[in-house]
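The next block holds one structure in the form of structure tokens; read it before the comments.
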Amino acid sequence: MSAPVTDAREAGRRVEEVLDRLAAGGDREACAAAEELVRVLMDFYGAGLARIVEHLAAAGPAGADQAAGGPLARLLDDELVAGLLALHDLHPEDVPTRIARALDSVREPVELLGFDPAAGTVRLRTTAGGGGGCGCGSGGETARRTVEEALARFAPEVTGVELEEAAPQPALLQIGTRPQTPARVP
């Protein structure tokens with residue numbers, strides 16, 4: 001038995017691998033049965049999750065729940081639950097809100113420039129002073145990877161990230177007093 005998968009992309013990749021292995025075996029009936037099994041389980045789990053969200057929403061308005069840190073708010077903050085809700089199109093927050101939630105969860109400061117829902121692409125800019133406040137700045141690929149992972153957890157609708165670097169900050173000009181020197185008289 002393999003370890004449980006808590007990342008939606010990884011789970012999808014593993015399901016595809018298993019289905020591909022079955023298809024490579026040449027038994028079309030077994031492959032069709034496996035695909036049907038995946039569909040039935042997805043429908044079943046999706047219906048169960050929908051019922052959970054309905055019960056939590058009935059307990060109080062989402063806004064009040066969010067402000068009070070109630071059960072629905074805590075579930076939406078959980079990366080695994082948020083990913084499952086998004087996968088089944090049950091997440092009560094809209095995509096832009098979940099994108100903002102994902103970006104708030106990363107250490108690298110980024111500015112959202114836009115989201116193209118048709119392409120699934122989000123445009124971002126690193127903000128000046130990145131690097132977690134150390135002044136060193138993280139590499140662009142590290143920032144991209146961190147942002148992509150957060151978006152995959154909270155907003156799987158985002159399939160691409162365009163990241164542009166912030167304009168460099170001007171150098172700090174330090175002004176000090178000149179050393180005292182005797183005045184020269186010609």
Side-chain angles (χ1 to χ4, degrees), residues 1-66 69-106 110 112-124 141 143-163:
M1 178 121 194
S2 58
V5 178
T6 59
D7 178 78
R9 284 188 183 176
E10 176 66 16
R13 186 189 63 73
R14 286 181 53 186
V15 167
E16 287 296 321
E17 281 178 5
V18 171
L19 292 174
D20 288 346
R21 283 197 322 251
L22 283 170
D27 187 346
R28 289 183 187 206
E29 242 179 81
C31 188
E35 288 178 0
E36 177 66 16
L37 175 64
V38 169
R39 276 191 295 275
V40 168
L41 285 174
M42 290 289 292
D43 289 345
F44 177 69
Y45 290 134
L49 288 170
R51 179 96 34 99
I52 291 169
V53 170
E54 287 171 15
H55 287 301
L56 288 171
D65 185 66
Q66 287 282 64
L72 184 56
R74 288 192 301 272
L75 287 174
L76 298 181
D77 283 337
D78 184 284
E79 297 169 359
L80 178 59
V81 174
L84 279 172
L85 293 174
L87 176 68
H88 289 282
D89 200 26
L90 298 169
H91 204 292
E93 295 177 334
D94 61 7
V95 175
T97 302
R98 288 185 282 123
I99 289 172
R101 182 185 290 271
L103 297 179
D104 287 344
S105 76
V106 298
V110 292
L112 177 63
L113 301 177
F115 173 60
D116 179 357
T121 303
V122 70
R123 287 183 28 252
L124 305 169
E141 281 308 306
R144 175 183 300 279
R145 190 172 37 256
T146 302
V147 167
E148 286 175 345
E149 289 171 359
L151 288 166
R153 291 187 303 267
F154 288 104
E157 298 86 351
V158 175
T159 56
V161 174
E162 295 175 4
L163 184 65

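Since this is a predicted model, take the numbers as computed values, not measurements. All heavy atoms count here, side chains included; hydrogens, waters and symmetry mates do not.
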Spatial distance of atom [atom1] ([X]) from atom [atom2] ([Y]) [nearest 0.5 Å]:
{"X": "L76", "Y": "L85", "atom1": "CG", "atom2": "CG", "value": "6.5 Å"}
{"X": "T159", "Y": "E148", "atom1": "OG1", "atom2": "CD", "value": "10.0 Å"}
{"X": "H91", "Y": "L84", "atom1": "NE2", "atom2": "CG", "value": "10.5 Å"}
{"X": "F154", "Y": "E93", "atom1": "CZ", "atom2": "CD", "value": "9.0 Å"}
{"X": "L49", "Y": "D89", "atom1": "CG", "atom2": "CG", "value": "12.0 Å"}
{"X": "D78", "Y": "R153", "atom1": "CG", "atom2": "CZ", "value": "11.0 Å"}

Query raised in the report: Which heavy atom of R98 sits nearest a heavy atom of P156, and at what distance?
Result: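 Smallest interatomic distance, heavy atoms only, reads NH1-CD, 4.0 Å.
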
Requested in this report: Return the minimal non-hydrogen interatomic distance between A30 and L22, and the atom names on each side.
Outcome: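 The pair with the smallest heavy-atom distance is O-CD1, 4.5 Å.
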
Query raised in the report: For E17, which residues count as a salt bridge (charged side-chain N to carboxylate O under 4.0 Å, His left out) partner, sequence neighbours excluded?
Result: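 Once residues adjacent in sequence are excluded, the partners of E17 under the salt bridge (charged side-chain N to carboxylate O under 4.0 Å, His left out) criterion are R13.
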
Requested in this report: Mind running side chain to side chain contact (heavy atoms under 4.5 Å, CB included) on L151 and I99 for me, showing each step along the way?
Outcome: CA-CA 6 Å; L151 288 166; I99 289 172; 4.1 Å; yes

Report task. Starting from the C-alpha separation in whole Å, work towards a yes-or-no answer on side chain to side chain contact (heavy atoms under 4.5 Å, CB included) for L103 and L124. Result -> CA-CA 10 Å; L103 297 179; L124 305 169; 3.7 Å; yes

Report task. Please indicate whether R39 has more than 12 foreign heavy atoms, meaning atoms of other residues, nucleotides or ligands, lying under 6.0 Å from its CZ. Result ->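 Above 12, so yes.
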
Query raised in the report: Does some side-chain heavy atom of E149 sit less than 4.5 Å from a side-chain heavy atom of V106?
Result: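 Not in contact.
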
Report task. State whether the side chain of R123 and the backbone N or O of E162 hold a donor-acceptor pair below 3.5 Å, judged by distance alone. Result ->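 Pair absent, no side-chain N/O of R123 close to backbone of E162.
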
Requested in this report: Apply side chain to side chain contact (heavy atoms under 4.5 Å, CB included) to V147 and L163, showing your working.
Outcome: CA-CA 10 Å; V147 167; L163 184 65; 5.7 Å; no

